[in-house]
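Just so we're clear, the structure is a prediction, and the values are computed from it rather than from any experiment.
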Amino acid sequence: MSIEAGDTGSVGIGLRQPHYDEMLRQPPRLGFVEVHSENFFADGGAALALLHSARAHWPVSLHGVGLSLGSAAGLDEWHLQRLERLVQRIEPVRVSDHASFARAPHHAAAAPVHASDLLPLAFTDAALDVLVANVQRVQERLRRPILVENLSAYLRWADDALPEPAFFNALARRSGCGLLLDLNNLVVNALNDGVDEVAAACAWVDAIEPGIVGEIHLAGYHDAGDIVIDDHGSRVHDNVWQVYRHALRRLGPRPTLIEWDTALPELAVLLDEAASAAQVLAACRDTVAA
C-alpha cells in the first residue's frame, strides 16, 4: 500500500464520549478524528447520528478492536457485516484493526467464542498465512485496503520464527494492506524486554518498508515497576517522541493520532498533544522541502 500525497501530515485525536458536546459545539482544527468501529455498529440511534455530525467537520478514521484478524477460526460474519455497513455510511478516510486474535473454540467441535482481548500472534509462516487470508477477506468485503496495527504484547510464543518487522513487510506484500505503526507499542514492548527502548524501537522502524506505513499512533503508558502497561492514559512520553522524530525522518510525514482512552483529560490537553505532534510534522516537512 502506498500513501496518497494529499493524506500526509495530518494530526488527529480520538473522538470520545466525554468530549462529544464540546468538540461539536466548537469544532477544533484537526486533520481527522478516530472512533472505535464497534461503538457505532447499531442501525440508527444517537451514536450513529453523532458520528454523521462529526463526519461533517472532519475525516473519520475507523479503528477496530474486534475483527480478530489473526484467528485461525476465521472471521465473525456478523462483525464483518456491521463493519461493511458502517464503512458504507461514513466513508472513512482509513479503516484499521490489530494483528491479534481473540476468537477460538473451547474444543474442536465447539463454535468459536470471543475473548474480548487483543492476544498476540506467533510470528510464524502459519500465523502469517492465516492473517493474510483474513485481511484479504476483509479488504474484498470493504472494497478497500485496511491498516493492521502492531501490538503491545506481554508474552512471546516459543515458536516465533520471523522478526516482527519482516512479518509485517510480508503481510503487506502478500495482502496489499498497510501498517498502522504504533510507536508507543514498540517502546512498551522494549521496556518490558529490558532493552534500550529508543534504540530498539528505532531499529524496528528502520526494518519496515516505508511505503506500507499509512498512519502512526502516539500514546502514553504506565510504568508499574515490574511491568509497563500500554494504557493510553497519559501524555506521550519523551522516549516515544524521540522515536516519532526518528520515524518521520525515515518515513516522511504520516497521518498521526494522539491515542488517549483511559483517564481522559480535558479536551484542551488532547489538543495540546496534537499541537505538539503537528509541530514535529511541520519540522519534518520543512526538512523534506529543504
Side-chain angles (χ1 to χ4, degrees), residues 10-16 31-36 61 63-65 94 96-100 117-121 147-156 164-165 167-168 178-208 212-251 253-265 269-281 284:
S10 62
V11 177
I13 64 173
L15 179 63
R16 303 297 183 255
F32 65 98
V33 294
E34 181 226 70
V35 297
H36 291 152
S61 177
H63 186 52
V65 296
R94 285 176 293 281
S96 59
D97 209 296
H98 299 77
S100 63
D117 204 347
L118 300 174
L119 303 173
L121 304 179
L147 302 179
V148 181
E149 180 181 337
N150 57 293
L151 209 64
S152 57
Y154 304 100
L155 60 85
R156 298 189 184 279
E164 188 176 10
F167 185 88
F168 279 98
L179 171 65
L180 197 169
L181 177 58
D182 192 310
L183 298 179
N184 190 65
N185 289 352
L186 298 182
V187 168
V188 166
N189 290 346
L191 287 168
N192 285 326
D193 286 343
V195 299
D196 184 314
E197 71 275 15
V198 173
C202 289
W204 202 107
V205 171
D206 289 345
I208 207 73
I212 72 173
V213 179
E215 186 178 324
I216 292 175
H217 274 190
L218 304 174
Y221 59 77
H222 173 63
D223 189 342
D226 57 340
I227 190 171
V228 178
I229 302 170
D230 175 39
D231 67 346
H232 303 172
S234 61
R235 286 184 179 268
V236 179
H237 290 256
D238 182 64
N239 47 12
V240 178
W241 286 119
Q242 292 180 58
V243 178
Y244 182 49
R245 292 184 180 92
H246 176 85
L248 294 182
R249 286 194 295 269
R250 164 145 171 87
L251 306 171
R254 290 293 186 272
T256 300
L257 179 80
I258 299 297
E259 196 172 25
W260 201 319
D261 296 311
T262 64
L264 280 166
V269 176
L270 277 178
L271 296 177
D272 186 60
E273 289 288 271
S276 295
Q279 288 179 347
V280 178
L281 274 170
C284 174

May I have the step-by-step check of side-chain contact (heavy atoms from CB on, under 4.5 Å) for Asp272 and Arg235, ending in yes or no? CA-CA 10 Å; Asp272 186 60; Arg235 286 184 179 268; 3.0 Å; yes
Is it true that Ser96 and His63 share a donor-acceptor pair across their side chains at a distance under 3.5 Å? yes
Scan Leu180, Val205, Ile208 and name whichever one has a side chain to side chain contact (heavy atoms under 4.5 Å, CB included) with Val213. Ile208
Quick one: does Trp241's side chain have a donor or acceptor within less than 3.5 Å of a partner on Val243's backbone? no
Under 3.5 Å, is there a donor-acceptor pair between the Glu164 and Asn189 side chains? no
Pair Val236-Leu183, side-chain contact (heavy atoms from CB on, under 4.5 Å): steps then yes or no: CA-CA 10 Å; Val236 179; Leu183 298 179; over 6 Å; no
Working for side-chain contact (heavy atoms from CB on, under 4.5 Å), residues Trp204 and Asn150: CA-CA 11 Å; Trp204 202 107; Asn150 57 293; 4.2 Å; yes
Looking only at non-hydrogen atoms, find the nearest pair between Val195 and Ala200 and report the distance. CG2-CB, 3.9 Å
With sequence neighbours excluded, residues passing ring pair (Phe, Tyr, Trp, His ring centres under 6.0 Å) with Tyr221: His237
If you measure from the Lys or Arg side-chain nitrogens to the Asp or Glu carboxylate oxygens, is any gap between Arg16 and Glu259 under 4.0 Å? no
Under the salt bridge (Lys or Arg N to Asp or Glu O under 4.0 Å) rule, what pairs show up with a residue in residues 181-195, not counting sequence neighbours? Arg156-Asp193
Would you check if there is a donor-acceptor pair between the side chains of Asp206 and His246 at a distance under 3.5 Å? yes
Name the one of Leu264, Ile258, Leu218, Asp261 that satisfies side chain to side chain contact (heavy atoms under 4.5 Å, CB included) with His232? Asp261
Heavy-atom nearest pair, Phe168 first then Ala99, reads CZ-CB, 3.6 Å
